[in-house]
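Below is one structure, written out as structure tokens, with a few remarks after it.
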Amino acid sequence: MTSYDEAVAFLGPWGRFQQVVFFLLCACIVPNGFGAFTLVFLTDVPAHHCLVPDVNITEEWREAVVPVEVVNGKPELSRCSRYKLGAIRNLSARGFTPGRNINLTDLEQEACVDGWRYSTDVYQSTVVSEFDLVCRDQWKQPFTSTVFFVGVLVGAFFSGQLSDRFGRKPVVFGSIALQSVSTFAEAFSASWTMFIVIVFINGLGQISNFVAALVLGAEVLTGNVRVLYSSMGSCLGFAAGYMMLPLFAYFLRDWRSLMLALSLPGLAYIPLWWLVPESPRWLLSKGRVEEAEAIVRKAAKWNKVRAPEVIFEEYSVLETKTPSKEHHTVFDLLRNGSIRTTTLIICLVSFSMTTAYIGLSFNTAQLYDDPYISCFISALVEIPAYVSSWLALRHLSRQLAFIGTLLLGGLPLFCVQLVPRHLSNVCLALEMVGKYAVTTGSSLTFAYSAEIYPTVLRNTATGTWSTVSRLGSCIAPFLLKLRIYLECLPHIILGSLAVASAFAVLFLPETFGQPLPETIQQMRKRERLRCPCIKKETPVSVLVDNVL
């Protein structure tokens, strides 16, 4: 049976059709860069202290009513307590002076019963300052991020199956609409409870859009262009949105204004519905041969080439003889032994990568006092990482590329604990090397997974391991809190996960230079390689020809 790549070879690798699909799908992923780390700014905690209402006390007592505490070696006003205001008023009325007639350490303290005063040096307002997510309610601040990542987790699981059932294109544009509408609605949240409900809905569309757009591009494009899109193009679209986020946040210091601004780009994607095609591979897997041929013939016109009379002849014969009505679910990933092993290993690798990626991203957000610079640096590191993943997919076997990035991501994290504290720049460099590596590996995961699984399971598989990886997103913020017990414990855990995953990759099948499998049978027949290298009897020229 003629493969899909062979059937559409007459289109050429890089005509007008491929260019339009490539760049429009990259643009469709940009909103994910906006949404993934918006909470870095929305839930940042401004400097604050107890609010002192306008009462009749002297100026000396007004300045002394909030105790001074030493935090990280620096004195600052207490964030969660003040001296009892009733006692202060009495002492002020009696003419006593703080620190002279009265020892302040002997005074009884109380909570911030009148609220807080927040600094506006960095932000005009955040969700924290809006809903007072501090002191007794400080648990709500990290919980907000957890709710978002739970939404991402649920969306990753169901979006894959929806995409395999109803098509890649509806999920791409439906998730963009969901993100835009929910981001707009967040700006009008009247309470924290209302806000986290909408944040959860926003998370549903976050990874759904990325996964569906990634699979759609991987199935429409062929050869080196597919590798370029899967490994670098789609990820650069994410990085572009990520780098634009601190620019929006810098000029819009009020969180509600920021949400409104980030929701508006969604309107620009409405006309793209008529330009981005459905995946012909998916249509063929559903027996909709005529629709698939119509898309390819339109592509031939765009590329100014002549299409054959019958493009998918074998598919047409198969459709008339045995029309397929079978629907595949996540359970198909676990029924067969080899497919089950592959799925479990990819889930382990993606979990390790995502936990390290989110953990290092949130940790590097504290590199500088300016959160806008911190966020931009964290995003900028991803550009060389995505370029490296593309080069690795072009020239290295998949196993070798994966093992190399996992070890490069894990080993520097073990070294952080060996660096003296006064060499902070060395620690910073090691963490950035680690983030560069895990970002590269995360990009490789999407491309590798798309090459391993057949068309009928590709999006379900991608959604499944993405769901497992999102568990890493949920625990990463709490993992960083383990430093209160042992400073280097988070780095040890992240490094151990990466090294363990590197050994597990040895048991994955090699896919370099091989066509995408169309059926489960083709995936099961694929030979497993036991070492991260290409077989010696397979000429390199043959592999290059297959990729091209």
Side-chain angles (χ1 to χ4, degrees), residues 142 145-146 149 152-153 156 340-367 378 381-382 385 388-389 392 396 398-421 423-424 426-446 448-449 464-508 530-532:
S145 300
T146 299
F149 285 120
V152 173
L153 185 152
R340 179 170 58 249
T341 301
T342 297
T343 301
L344 292 176
I345 292 175
I346 290 182
C347 287
L348 171 63
V349 172
S350 61
F351 174 85
S352 302
M353 289 287 191
T354 303
T355 304
Y357 175 78
I358 297 297
L360 293 176
S361 296
F362 275 79
N363 196 47
T364 53
Q366 308 300 322
L367 294 178
S378 183
V381 171
E382 301 192 3
S388 298
S389 69
L396 299 177
R398 302 302 183 247
Q399 289 181 316
L400 181 61
F402 248 103
I403 292 173
T405 55
L406 284 165
L407 293 179
L408 183 61
L411 295 180
L413 300 182
F414 288 120
C415 298
V416 170
Q417 59 187 309
L418 304 177
V419 179
R421 287 191 173 184
L423 299 177
S424 58
V426 177
C427 294
L428 170 60
L430 290 173
E431 284 206 15
M432 298 312 293
V433 169
K435 186 182 180 185
Y436 159 81
V438 298
T439 303
T440 303
S442 298
S443 177
L444 292 173
T445 306
F446 285 100
Y448 195 13
S449 173
T464 299
W465 65 254
S466 295
T467 301
V468 175
S469 72
R470 293 306 117 186
L471 293 174
S473 303
C474 296
I475 70 171
F478 299 98
L479 182 63
L480 295 177
K481 297 295 184 181
L482 294 178
R483 62 165 56 96
I484 64 176
Y485 303 104
L486 182 63
E487 182 69 24
C488 59
L489 188 56
H491 292 101
I492 292 175
I493 294 176
L494 294 177
S496 299
L497 284 173
V499 173
S501 299
F503 286 103
V505 171
L506 290 170
F507 298 95
L508 289 177
R530 294 301 179 184
C531 62

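What you see below is based on every heavy atom in this structure, not just the backbone, and it leaves out hydrogens, waters and symmetry mates.
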Is a side-chain donor or acceptor of T354 paired with a backbone partner of F351 at a separation under 3.5 angstrom? no

Take M353 and S469 through the side-chain contact (heavy atoms from CB on, under 4.5 Å) test and state the conclusion after the steps. CA-CA 8 Å; M353 289 287 191; S469 72; over 6 Å; no

Could you tell me the separation between the CZ atom of R398 and the OG atom of S449, rounded to the nearest 0.5 Å? 12.5 Å

If you compare all heavy atoms of T445 against all heavy atoms of W465, which two are closest, and at what distance to 0.1 Å? CG2-CH2, 3.5 Å

Distance (rounded to the nearest 0.5 Å) between L444 CG and T439 OG1: 11.0 Å

On a heavy-atom basis, which atom in Q399 and which in F507 lie closest, and how many Å separate them? NE2-N, 4.4 Å

Under 3.5 Å, which donor-acceptor pairs link side chains of residues 400-414 to any protein atom two or more places apart or in another chain?
from, atom 1, to, atom 2, distance (Å)
T405, OG1, A401, O, 3.1
T405, OG1, F402, O, 2.9

Test L494 against L479 for side-chain contact (heavy atoms from CB on, under 4.5 Å), laying out the working first. CA-CA 9 Å; L494 294 177; L479 182 63; 3.5 Å; yes

Distance (rounded to the nearest 0.5 Å) between T355 OG1 and L471 CG: 8.5 Å

Checking V349, T342, L344 against I346 for side chain to side chain contact (heavy atoms under 4.5 Å, CB included), the one that qualifies is T342

Separation between CG of L506 and CD1 of I345, rounded to the nearest 0.5 Å: 9.0 Å

dist S361:OG -> E431:CD (nearest 0.5 Å) comes out at 10.5 Å

How close do K435 and L360 get, heavy atom to heavy atom, and via which atoms? N-CD1, 3.6 Å

